[in-house]
Amino acid sequence: MSALTVDPGPGHGQDWDDLVRIWEETDAPEGCKVEIIEGIVTVSPPPSKDHNTTAALLQRRLYTVIPEDWEIYQTLGVSVPGRAGLYIPDLVVLPRAVASGPGNRVPAEAVRLVVEITSPANANHDRIGKAHGYAKAGIELFLLLDPWHTGRPTATLYGEPSDGTYRVLEAVEYGETLTLPKPFGLDLDTGILPVS
């Protein structure tokens, strides 16, 4: 992962419009993910085959339980106010109407579930920076799939955001079942997920 920074100018914080302009104009190699994390434009390499398989397997299961007027997106920007962030989650679930129309990002308050799958290059961003950003934005549920967790791969479901912090609703090692609460009502067998 690399980071591009912008000189905020004397005595002023980083200008959000300048960050978004840089984000929009960054010519990253195909498949790379460009995000703004805590005021820094970052470029992550394309995800691995196992990473993509994990996203696809989860997406297939989520489609069986979400309402007809919701969708699941893999490359949709989520504006995270208060954290100088514009994240592109591995999966984001929200009403289709919110993601319709011009533009390439949605407000965090419309998101019903966000999923991040760690990679060696982004694990700390997903575990710490993005977790705080999603909580601060009030996203109801955050699922962190962490095949790179020390010891054994884990799946952790966060919820009940308050003051930029989530409560751990459930944490399991891969191979166990994790339950996504209503409106999802999904028992996810994490044993189907590839271990990197």
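Put simply, the side chain of I139 does not reach to within 4.5 Å of the side chain of P161, judged on heavy atoms. The shortest distance between side-chain heavy atoms of L94 and V78 does not fall below 4.5 Å. At a threshold of 4.5 Å between non-hydrogen side-chain atoms, the residues D126 and Y87 do not count as touching. Using a 4.5 Å heavy-atom cutoff, the side chains of L178 and L143 are in contact. L180 places none of its side-chain heavy atoms less than 4.5 Å from the side chain of L188. In this structure, P153 and T190 have side chains that are not in contact, with every pair of non-hydrogen atoms separated by 4.5 Å or more. The shortest distance between side-chain heavy atoms of V80 and K136 does not fall below 4.5 Å. Side-chain contact between L141 and L169 is present, with heavy atoms from C-beta onward closer than 4.5 Å.
With rounding to the nearest 0.5 Å, the separation of CG in L113 from CG in L62 is 6.0 Å. Here the CD1-CG distance, from I72 to D90, works out to 13.0 Å after rounding to the nearest 0.5 Å. Atom OG1 of residue T154 and atom CH2 of residue W148 lie 13.5 Å apart, to the nearest 0.5 angstrom.
Of all the heavy atoms in W70 and P183, the pair that sits closest is CH2-CG, 3.6 Å. The shortest non-hydrogen separation linking V172 to E170 is CG1-OE2, 3.8 Å. Pairing each heavy atom of G185 with each of V65, the nearest pair is O-CG1, 4.4 Å. Taking every heavy atom of both residues into account, V106 and V98 meet most closely at CG1-O, 3.8 Å. The two atoms that bring D146 and T118 nearest to each other are OD1-OG1, 2.7 Å, heavy atoms only. Counting all heavy atoms, side chain and backbone alike, Y174 lies closest to L193 at CE2-CB, 3.7 Å.
In this structure, Y134 has its ring center at least 6.0 angstrom away from the ring center of Y158.
Screening residues 53-72 for salt bridge (Lys or Arg N to Asp or Glu O under 4.0 Å), with sequence neighbours left out, gives E71-R96.
Evaluation of the salt bridge (Lys or Arg N to Asp or Glu O under 4.0 Å) rule for R167 yields E160 as partners, not counting sequence neighbours. Evaluation of the salt bridge (Lys or Arg N to Asp or Glu O under 4.0 Å) rule for E173 yields R152 as partners, not counting sequence neighbours.
Within the 3.5 Å criterion, the main-chain N or O of L91 finds no donor-acceptor partner in the side chain of Q59.
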